[in-house]
Each structure stands twice: as C-alpha cells, then as structure tokens.
Amino acid sequence: MDFSVYLSTLLSLLSQCTAQWCYQSQSSCDDICRDPIQWAAQFPSCGGLRQSPINIVTKKVHVNSALPPFNFIGHTNTLNITVENKGHSAHFALPQSVRLTGGALPGEYRAAQFHFHWGGNGRPGSEHTIDGERFSMELHIVHIKEPYGSLAEAEHDMAGIALLAFLFEETSDDHPHLDAVIAALGRVQNNGSSTVIPNFRLSDIIPSAKDLHSYYRYVGSMTTPGCEQAVAWTLFHQTLSISSRQLDAIALQCRFWTGQPMTDIFRPTQPLDGRVVYRSRASAALTSVILWWFSVFSVVLGTTGLIQ
Ligand SMILES: *[C@@H]1O[C@H](CO)[C@@H](O)[C@H](O)[C@H]1NC(C)=O
Ligand SMILES: *[C@@H]1O[C@H](CO)[C@@H](O)[C@H](O)[C@H]1NC(C)=O
Ligand SMILES: [Zn+2]
C-alpha cells in the first residue's frame, strides 16, 4: 500500500476514534472509543462540578415546600411518534404540543424526546440511584425552555433543560403499554434506523401530574456528552412498573453504533460537589400530617367528653 494512503487511512481511523464516546459496557472497543472516565478529555463539561446522574442520599435531602406540582400539556394527545436508534440509545421524538409548566421551573418548557436507560441480562440499569440502590430502568423526558430552539441554545441557562426522570421497579405483571415500545425498539436495531409508533399517548406510560406531587429536584447536567450543565432535574418519587419479561426483552432489541448489544446504557453516578438535593413536600404526606393531628384532637376531645 502507498505510504500516504496508509497514513491517511490511519489518520481517519484515529480521528474516528477520538470522535466517539461509549459506555463502559462497550469495553471490547476500549481502543476505539472513550468510556465515561475519559469523556471529559474530549467534552470538558463532563468534568464539571454539576454533573449527573447522582446517588440521592435520602437522609440528606432538604424538604422544600416551594416545589409545587407540574402542569402537563398534551400528555393525553394521541400521537404518531418517531423512534430512532442514535447509536448510544434510542430516542422517541415528541412534538412541540407536549409541554409543561409549574414544578417551580422558570417558564414554559416544550418536550423534545424521551429515552430509557437500562441494564441487561437481569442487571439493573437506572442512572440515578437512591441510597446506593440502582433501579431496573430509568425514563428521561427531555424538555427545552421556551424560546430556545435547541440544546445548544439552552446550554448557557442553568435551567435551560428540564429533565423528568422516572425509575422503574420490576413487577410480575407486564406494564400494559410497554410492549409497543419494545416492538418499536425491535424495528430500530441498528444505528440510524427509525420507525413510527402510531397512536401513542405519553399518559399511557406516565401518571398524570396530579398524582406526581412528590419529587426530588437538583441542578445537574445531561448524562451523555457534551454533559451540558443546563438541567433542572426532577426525579419522581413514584416508580413505574415493568415485568421481568419486558425488562429482559427491552435490552435485547438494539445494537450500539459499534454493533454490540445495547446493554448497560447508564453513566456512573457523579460527585455532588456541594449541591443540595431538594424534595417537594408531598401533599399525601401533608394529608397524613393533618389526619394525624385530627386523630390526636379527637382522642383529646373524646376523652374530655366533648365528642360523644
Ligand atoms: C397518524 O398516522 C396515521 C396514518 O398515517 C394518520 O391517519 C393519522 O392522522 C396520524 N395521526 C396524527 C395525530 O398525526
Ligand atoms: C450513527 O448514525 C448517525 C446517523 O443517524 C451517523 O451520523 C453516525 O455517524 C453514526 N455513527 C456511527 C459510529 O456509525
Ligand atoms: Zn437520559
């Protein structure tokens, strides 16, 4: 082979190497991609002080009564949504008609896409952990603040992106609406392929806002490069269910851009670096406090003969 051809082939291979990041699970491609420990070498924000995901230590969480519920807009609309294998995960594109306000976020946010983080072969795969426990799977719904048009525009605003996160817990019964999601993943096995899920409603997957009073809030980042530190994170206390059958199936559908099975797609948890995690004061907890006072009062009043 001509030396200059050899050299240019080598250079293009090298530049391809430095251009790609990967998850720890793609270990056999150590030589050609950067695993999470090395992301910061190419994407400086990944080494920042407000990174995600994190481990939430529940006894250190600050309860904050200024974290109201959300208003979800368009969550019950019937949509045709496009699913695409992005090489690192599969994205489910959402139209601009899906929005949210409230939740103590500074403005109105429109949905861009949702995606899942999973493990494989029985291993849990959530990104956030609670008191060190990793959950089966995690759903992220990505919203961009108005009037930004893209992640690049929102990047310079600490709350430019609102990410809603739900943890999944394994149950014996199937989640009634996840099979459509699994089937769609089976139609986008390779990087770049896409499909449509007809008649999809976000409300089939997640509860309505009125049932989601209790959540954790902290400021963080995107969990994939460039790890933009522009995210107001909301992790709901209520978990979603998925059966072990569905969990096994979901991790078998797609392949990474390297051709390997797309498994263990989560970033390791990052240091808090002095940040505080807040928890909303759940109305359910408030109700139980009121009920507790009421029962104390009735006992007092009852024993003094005021309630017969
Ligand atoms: C979804 O696609 C079907 C078939 O292409 C079409 O008839 C329907 O109007 C679409 N629905 C929406 C909400 O776009
Ligand atoms: C994955 O597919 C996208 C297009 O959808 C392409 O831009 C990208 O280069 C592909 N990645 C690899 C490593 O092939
Ligand atoms: Zn994510």
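The first residue of the sequence shown is numbered 1, and numbering continues consecutively from there. Both ligands and their constituent atoms are indexed starting at 1 by order of listing.
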Just to be careful: counting only protein atoms that are N, O or S, how many fall under 2.8 Å of the Zn ion (ligand 3)?
3
Between ligand 1 and the protein, give all atom pairs where both partners are nitrogen or oxygen and the distance is under 3.5 Å, as lines of names plus distance to 0.1 Å.
{"from": "ligand 1", "atom 1": "2 (O)", "to": "Asn80", "atom 2": "ND2", "distance (Å)": "2.3"}
{"from": "ligand 1", "atom 1": "11 (N)", "to": "Asn80", "atom 2": "ND2", "distance (Å)": "3.0"}
{"from": "ligand 1", "atom 1": "14 (O)", "to": "Asn80", "atom 2": "ND2", "distance (Å)": "3.4"}

Quick one: does Lys86 get within less than 4.0 Å of ligand 2, heavy atoms only?
no
Under a 3.5 Å distance rule, please check whether Asn55 uses its side chain to pair with a backbone N or O of Gly132 as donor and acceptor.
yes
Under the side chain to side chain donor-acceptor pair (under 3.5 Å) rule, what do Tyr23 and Asp35 come out as? Steps first, then yes or no, please.
CA-CA 5 Å; Tyr23 286 106; Asp35 68 11; over 6 Å; no
Review item, side-chain donor-acceptor pairs of residues 70-82, under 3.5 Å, at least two apart:
{"from": "Asn71", "atom 1": "ND2", "to": "Thr101", "atom 2": "OG1", "distance (Å)": "2.9"}
{"from": "Asn80", "atom 1": "OD1", "to": "Asn199", "atom 2": "N", "distance (Å)": "3.3"}

With sequence neighbours left out, write down each residue that passes salt bridge (Lys or Arg N to Asp or Glu O under 4.0 Å) with Asp211, or none if nothing qualifies.
none
Pair Trp233, Ser52: side-chain N/O donor-acceptor within cut-off below 3.5 Å:
yes
Counting each atom of ligand 2 from 1 as listed, which ones have a heavy atom of Gly192 under 4.0 Å away?
5 (O)
List the steps, then state whether ring pair (Phe, Tyr, Trp, His ring centres under 6.0 Å) holds for Tyr218 with His128.
CA-CA 12 Å; Tyr218 77 99; His128 288 90; 5.7 Å; yes
Using modelled atom types and a 3.5 Å cut-off, is there a donor and acceptor pairing between side-chain atoms of Thr234 and backbone atoms of Arg217?
no
Rounded distance (nearest 0.5 Å) linking atom CG of Leu67 with atom NE2 of His62:
12.5 Å
Would you confirm whether Gln246, through its side chain, and Ser241, through its main-chain N or O, come within 3.5 Å as a donor-acceptor pair?
no
Close-contact set for ligand 2 against Glu84 heavy atoms, below 4.0 Å:
5 (O)
Nearest 0.5 Å, please: how far is CD1 in Ile265 from NE2 in His88?
11.0 Å
Regarding Glu146 and Arg99, does a basic nitrogen lie under 4.0 Å from an acidic carboxylate oxygen?
yes
Would you check whether Gln20 has a nitrogen or oxygen atom less than 3.5 angstrom from a nitrogen or oxygen atom of ligand 2?
no
